[in-house]
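In what follows, a structure is listed as structure tokens, so that the remarks can point back to it.
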Amino acid sequence: MLILDCPCCGVRGEETEFHSGGEAHLKRFGPGSSDDDFHGYLFEKVNPKGVHFERWRHVNGCGKWFHAARCTMTLEVFGTYSAQTLEPPQEIKDKITAKRPGWSWREFS
Amino acid sequence: MKRYSAFAVAREALRYHMGWERAWASPEPKKKYDVIIVGAGGHGLATAYYLGKNFGITNVAILEKGWLGGGNTGRNTTIIRSNYLQDPSAAIYEKSRSLYETLSQDLNYNVMYSPRGVIMLAQTEHEVRGYKRTAHANALQGVSTEFISPQRVKEIVPIINLDGPRYPVLGGLWQARAGTARHDAVAWGFARACSAMGMDIIQKCEVTGVSRDGGKVTGVTTNRGDIACDKLGIVVAGNSGHLADMAGFRLPIESVSLQALVSEPIKPCMDCVVMANTVHGYMSQSDKGEMVIGGGTDGFNSYTQRGSFHHIEETVRALVETFPMVARLKMLRQWGGIVDITGDRSPILSKTPVDGVFINSGWGTGGFKATPGSGWGFAELIAKGHSPLCDEFSLTRFKEGRFIDESVAAGVAH
Ligand SMILES: Cc1cc2nc3c(=O)[nH]c(=O)nc-3n(C[C@H](O)[C@H](O)[C@H](O)COP(=O)(O)OP(=O)(O)OC[C@H]3O[C@@H](n4cnc5c(N)ncnc54)[C@H](O)[C@@H]3O)c2cc1C
Ligand SMILES: [Zn+2]
């Protein structure tokens with residue numbers, strides 16, 4: 001069972017309280033962008049076996065969006081953080097680097 | 001390969017069953033193959049089988065990180081049907097269903113195909129309209145289905161409750177020649193036939209990298225050394241994104257967990273498959289007497305091969321409404337598999353950005369039924385570069401906006 005802490009209202013809940021909103025830190029491409037960029041943005045989701053950054057919504061709670069960093073192989077949660085950011089906070093990055101040595105960081109934008 | 005027959009059973013009975021040979025060999029990997037298939041699930045093995053049978057390509061290795069059939073092939077609830085909506089789907093699923101009809105004879109291995117019939121219940125006005133539309137589409141596609149009344153549903157499934165607490169049964173989409181087969185036997189039968197053609201099935205061999213030279217595949221790295229190949233077929237279901245990563249491209253696929261459960265065995269009480277997509281559950285009875293039960297996927301990416309507890313509750317609740325007798329059953333086992341979901345709920349059988357690499361994936365919650373048909377088409381794609389069964393399912397369809405939308409026909413997981 002997945003247990004998440006909502007950084008917006010501070011409530012800890014199990015997964016039925018939340019709803020996953022897919023990949024976080026997406027770079028958006030819209031009208032005027034190339035077909036390849038638009039296709040990449042719409043369809044080519046990362047689907048990592050391991051560390052993953054996601055958007056979640058506290059649907060049965062405060063209703064707000066936030067981000068979570070977790071492992072898709074173990075369901076370990078490295079941390080949740082505000083959605084008002086372009087990349088994960090440093091302390092979560094440090095935690096992941098410590099717990100998953102050798103895991104390589106991608107670029108965030 | 002010694003053929004299985006009534007005569008062989010009698011012969012072995014007279015000598016204490018000491019003469020049965022191993023169903024497939026366990027060779028060491030060679031340095032190079034014409035074709036390497038990654039993943040010895042049903043789809044990978046079927047692909048190899050038809051490469052040999054239909055195209056005479058037998059210098060083939062099938063690499064499997066665990067044991068053959070240990071992925072979704074050995075974890076699914078074995079529903080076989082072909083009552084989809086879109087023409088490309090009807091073509092490949094019906095090809096597959098029809099191959100199942102004679103698969104036991106073809107493989108000389110009893111896959112226990114049981115065309116016992118599948119009903120998809122219509123429990124809202126919207127579903128009634130949707131399934132009538134599917135029945136009309138199926139008529140044009142040459143797939144035999146019909147929309148039946150609630151009374152007919154009750155005749156076919158006496159244990160059903162037509163007016164449940166939330167949603168009454170308003171009718172159903174009935175496919176009489178749909179049914180089930182023994183999942184392990186499908187993998188084992190294909191494996192035995194591949195081995196007999198001289199192909200190498202290499203278990204406990206995990207692919208960890210895809211080697212390329214100037215945009216063309218040259219081989220794979222594995223935990224048992226490097227193996228070269230001219231062509232590579234990736235057929236790894238929930239791990240597709242991971243393998244695509246190794247080959248340097250991305251897929252429009254997300255991997256999530258889907259689970260199933262079975263009850264204690266009971267006397268025969270239901271001789272067809274019933275799917276209830278609105279309340280979200282489906283059920284059939286295995287030959288051992290267990291009620292085989294499935295429901296929905298988890299709502300987030302996962303590679304854990306286990307599902308969320310609350311989904312079990314949701315599924316069982318749906319079935320208690322539909323079949324009140326289920327309330328008195330004890331459940332025996334529960335397990336999960338990682339399924340590869342695409343946006344339009346249709347598979348991807350395609351060339352890839354890497355020359356010589358082909359991918360067969362995206363079957364999601366419903367690919368067991370497609371095992372022989374997928375192998376048939378994908379083998380043709382690998383051998384000839386295109387295949388009428390696969391062409392519509394290419395990776396480029398997303399970019400081109402040619403979705404094959406089966407989100408209705410694939411409603412509940414199956
Ligand atoms: C609970 C559940 C119920 C289902 N019910 C139904 C149903 O009723 N009807 C239906 O039609 N479908 C159903 N499905 C879907 C169906 O099981 C799958 O679509 C189908 O079995 C996929 O077959 P496959 O051969 O592609 O994949 P798999 O059988 O998963 O085979 C892929 C293989 O690749 C191997 N592999 C992965 N990575 C590597 C690597 N790096 N190196 C080497 N090998 C690797 C895996 O170990 C695995 O054995 C269900 C699925 C689940 C999980
Ligand atoms: Zn909250």
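Letters A, B, ... mirror the listed sequences (proteins, then strands); counts begin at 1. Note: hydrogens, waters and symmetry copies are ignored here, and every other heavy atom, side chains too, is used.
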[X] (side chain) donor-acceptor with [Y] (main chain) under 3.5 angstrom:
X      : Y      : result
B:T222 : B:C205 : no
B:Q86  : B:D405 : yes
B:T315 : B:G281 : no
B:S302 : B:V256 : no

Would B:D344 and B:R397 pass as an ion pair if we require N to O under 4.0 Å?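 Yes, charged N to carboxylate O under 4.0 Å.
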
When B:P252, B:A244, B:G241 are compared by non-hydrogen pairs under 4.5 Å with chain A, the top option: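 Looking at each option in turn, the highest pair count goes to B:P252.
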
Between [X] and chain A, with a heavy-atom cut-off of 4.5 Å, which part of the residue counts as in contact: side chain, backbone, both or neither?
X      : answer
B:N239 : side chain
B:L251 : backbone
B:D245 : neither

Under 30°, 30 to 60°, or over 60°: which ring-plane class applies to A:H67 and A:H25, parallel, tilted or perpendicular?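 Taking A:H25 first and then A:H67, their aromatic rings stand perpendicular (interplane angle over 60°).
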
Residue among [options] with most heavy-atom pairs under 4.5 Å to chain B:
options                    : answer
A:F38, A:F18, A:W56        : A:W56
A:K49, A:H39, A:E44, A:E15 : A:K49
A:T72, A:L42, A:N47        : A:N47
A:E54, A:R70, A:M73        : A:R70

